[in-house]
Structures are given as C-alpha cells and as structure tokens.
Visitor: 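Starting off with a structure, shown below.
We use all heavy atoms of the structure for the numbers below, so side chains are in, but hydrogens, waters and symmetry mates are not. In what follows, every chain begins at residue 1, and chains take the letters A, B, ... in the order their sequences are listed.
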Number of protein chains: 2
Amino acid sequence: MTAPALPVVCAALGDATRWEILTRLGEGPMSASALARVLPVSRQAIGKHLEVLREVGLVESEQRGREVVHLAVGARLGALARELDRIGRSWESRLLRVKELAERPEPDTAERRSAYDT
Amino acid sequence: MTAPALPVVCAALGDATRWEILTRLGEGPMSASALARVLPVSRQAIGKHLEVLREVGLVESEQRGREVVHLAVGARLGALARELDRIGRSWESRLLRVKELAERPEPDTAERRSAYDT
DNA sequence: GCCAGGTGCAACCCCAGGGTTGCACTTGCT
DNA sequence: AGCAAGTGCAACCCTGGGGTTGCACCTGGC
C-alpha cells in the first residue's frame, strides 16, 4: 500500500523535530550528518526520524557517493492535504444539513426536538 | 492565537482513537458518554481526547441540557489542508530548481549519470 | 595506505501521554 | 422526592518512542 493510514502520516508530522528536518530537506537534499550539524540532536536521533518520514513517504533517500542524501517529498504532503480537505468538507456539509433541519420553522411537526438521535 | 502550530495539530490527528472520535463527530453531535458507549475506551479517555481536539480547534463543545455535545469542525481541517498544500508545493518548486541545475546539459562535463528522478 | 567523515546497529534512559479505576457532584426525567 | 445518567477531577499504571552513548564498518580523498 503506497498510501499509509491517515493517523500514521499525521503522527509522523506531529513532532517538532521532524518538522525541522522536513523544512531543511524542503530546501534541498541533505545527509543525516549534515542535519545533525545544524539541529540540536544527535545523528542517530535524526536517523530514526528519517526512518519514520521515509516510511510514510514524506522523505526519499538516495546513496550519493559515500553519504546518503535525503529530500522532502512535496507530493505526499499534497496528497495528505487533499484527503484532509475532502474530510473537512464532508464534516461541513453534514453540519449544514443539521443546521438546515434545526432552522427550518416547520409549523406542522412541532415535535421535532432532535433529528440526530443516538 | 487561534491557529496552533502545525506539529501540534498534526499530533492531535496522529492518534487512531481520536480519528474514530472525529469520524463519529463528523456525522453529528455527540456527548462523551455516547461516544464511550460506541468506542472501546472509557469515557474518561474520550474526555481527554476531546480536550486535545478542542484545544487545536478540531472540535467544538456545547452544553445542551444536562449533557455536553461535541462536534467536528471541518473548517479547521480545511485550514490545515491548505497550509500543508502550500508547503508541499514549495518543496516541489525547490526540487524543480535543483533538477534544473542538475539537468542543464553543460557540454563540457559529460559525466551525467542520472538525475535522481523517481 | 592511511585517516577522517559518514553510516548502521544495539543497548539504554526517561518521560509524555493514552488508558484505567474510583469517587463526588450535578441535573434531568418521572 | 428519588433514581438514573452525565460530567469533572484525581491518582495511578505502563507502554511507546524521542534521545543518547558506544562501537564496528565502509568508503572516499590526499
């Protein structure tokens, strides 16, 4: 499955350090050691983060000479964005339907206290 | 600040149980107890999740009678989506610039083995 | 050939947070 | 009035994962 479950991708994005990494990798390819020199964490920690990010497709890696460079994949983030947008819209539409029901004066059926019962 | 930091919102979305809750709340307002009856976790656990979700604006709560009903806020998710999309695009454009540089034929240096295309 | 820099693996520490139980309080519904 | 249902708060457990250190192993440049 090329598209990991939503919570997993979001969890990968739910860490400040990983965002730091992604931001740097969004500006251009970098090796883990290079990142470690810039960020306030050890290379090993960065390695673990890269692993997580790679697993959800937010980062791609490539052996270049003796080092491995990584870079941020915008496409994955775009895919996530579209999915979230879709879900958000569905929530909104449901909300609108509820409001419609609530606001419709409906003089006949005065007994309509709540449509969304359990 | 009405717009929490990106990692925080993503972290809120980085939990399967919270997605369960959000999904249900996306279909209509519900109380914590009602959710606890449906989901395999205690009401207290759900309460904590709702707290987290409310703090990042993904859920709104309203006292209704003796119970408190909660509902998913699509607008927040939409805002997140737009932000992620924007960032993803910026990564892509940076990537394109890099590729441009790499692919410029530069007749002298014939050592073009392969630009790390997908 | 040698050394420096880059990587991978493994063991370990430690705390945030997801989950639970228990209790007290309020608020309806009949 | 009285009972059932909903909520809030607090203490507590325990696993996950972010972070570290240490070491062994390549590999490329001088």
Visitor: Calculate the interatomic distance between Glu55(B) atom CD and dG17(C) atom P; express it in whole Å.
Guide: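 Interatomic distance, CD of Glu55(B) to P of dG17(C): 11 Å.
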Visitor: Rounded to the nearest angstrom, tell me the gap between atom CD in Glu51(A) and atom P in dG18(D).
Guide: 12 Å
Visitor: Think Arg64(A) has a side-chain N or O under 4.0 angstrom from the OP1 or OP2 of dG6(C)?
Guide: no
Visitor: State whether Ser42(A) places a side-chain N or O below 4.0 Å from either non-bridging phosphate oxygen (OP1 or OP2) of dT20(D).
Guide: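 Ser42(A) to dT20(D) OP1/OP2: side-chain N or O found under 4.0 Å.
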Visitor: Of the non-hydrogen atoms in Ala32(A) and Leu50(A), which two are nearest, and what is the gap between them?
Guide: CB-CD1, 4.0 Å
Visitor: Are Val8(A) and Val73(A) connected in the hydrophobic side-chain network, where two residues link if heavy atoms are under 4.5 Å apart?
Guide: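 Each belongs to a different hydrophobic cluster.
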Visitor: Please state whether the phosphate of dG17(D), meaning OP1 or OP2, lies under 4.0 angstrom from any side-chain nitrogen or oxygen of His49(A).
Guide: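 His49(A) to dG17(D) OP1/OP2: no side-chain N or O under 4.0 Å.
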Visitor: Once you round it to whole Å, what is the distance between C1' of dG18(C) and CG of Leu39(B)?
Guide: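 Checked: the CG to C1' distance equals 14 Å.
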Visitor: Of all heavy-atom pairs between Ile21(A) and Leu53(A), which one has the smallest distance, and what is that distance?
Guide: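 In terms of heavy atoms, the two residues are closest at CG2-CD1, 4.2 Å.
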Visitor: Could you tell me how far apart Asp15(B) (CG) and dA16(C) (P) are, to the nearest whole angstrom?
Guide: 18 Å
Visitor: Counting any heavy atom closer than 4.0 Å, what does Gly65(B) reach on the DNA or RNA strands: base, sugar-phosphate only, or nothing?
Guide: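 Sugar-phosphate: the residue Gly65(B), judged by heavy atoms under 4.0 Å, touches backbone atoms but no base.
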Visitor: If you compare all heavy atoms of Ser90(B) against all heavy atoms of Ser93(B), which two are closest, and at what distance to 0.1 Å?
Guide: O-OG, 2.8 Å
Visitor: Rounding to a whole Å, what distance do you find between Leu50(A):CG and dG18(D):P?
Guide: 12 Å
Visitor: At less than 4.0 Å, is any side-chain N or O atom of Thr17(B) found next to OP1 or OP2 of dG19(C)? Yes or no.
Guide: yes
Visitor: Kindly give the heavy-atom pair with the smallest separation between Gln63(B) and Gly65(B), and that separation in Å.
Guide: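 Taking Gln63(B) first and Gly65(B) second, the nearest heavy atoms are NE2-O, 3.7 Å.
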Visitor: Please report, rounded to the nearest Å, how far the P atom of dG18(C) is from the CD1 atom of Ile46(B).
Guide: 13 Å
Visitor: Is there side-chain contact between Val52(B) and Leu58(B), with heavy atoms separated by less than 4.5 Å?
Guide: no
Visitor: Within the 4.5 Å heavy-atom criterion, are Ser33(A) and Glu67(A) side-chain neighbours or not?
Guide: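 Answer no - side chains too far apart.
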Visitor: Can you check the Glu20(B) CD to dG18(C) P distance for me, whole Å?
Guide: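 These atoms are roughly 15 Å apart.
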Visitor: Looking at every heavy atom in both Gly74(A) and Glu92(B), which two are closest together, and how far apart are they?
Guide: N-OE2, 3.1 Å
Visitor: Yes or no on side-chain contact (heavy atoms from CB on, under 4.5 Å) for Leu77(B) and Leu13(B), after CA distance, side-chain angles and deciding distance?
Guide: CA-CA 10 Å; Leu77(B) 206 58; Leu13(B) 292 174; 3.8 Å; yes
Visitor: Nucleotide by nucleotide, 5' to 3', does protein get under 4.0 Å of the base (B), only the sugar-phosphate (S), or neither (-) in nucleotides 2-14 of chain D, counting heavy atoms?
Guide: --BBSBBBB----
Visitor: The helix from dG1(C)-dC30(D) to dT30(C)-dA1(D): angle between its terminal axes, five pairs each, to 10°?
Guide: 30°
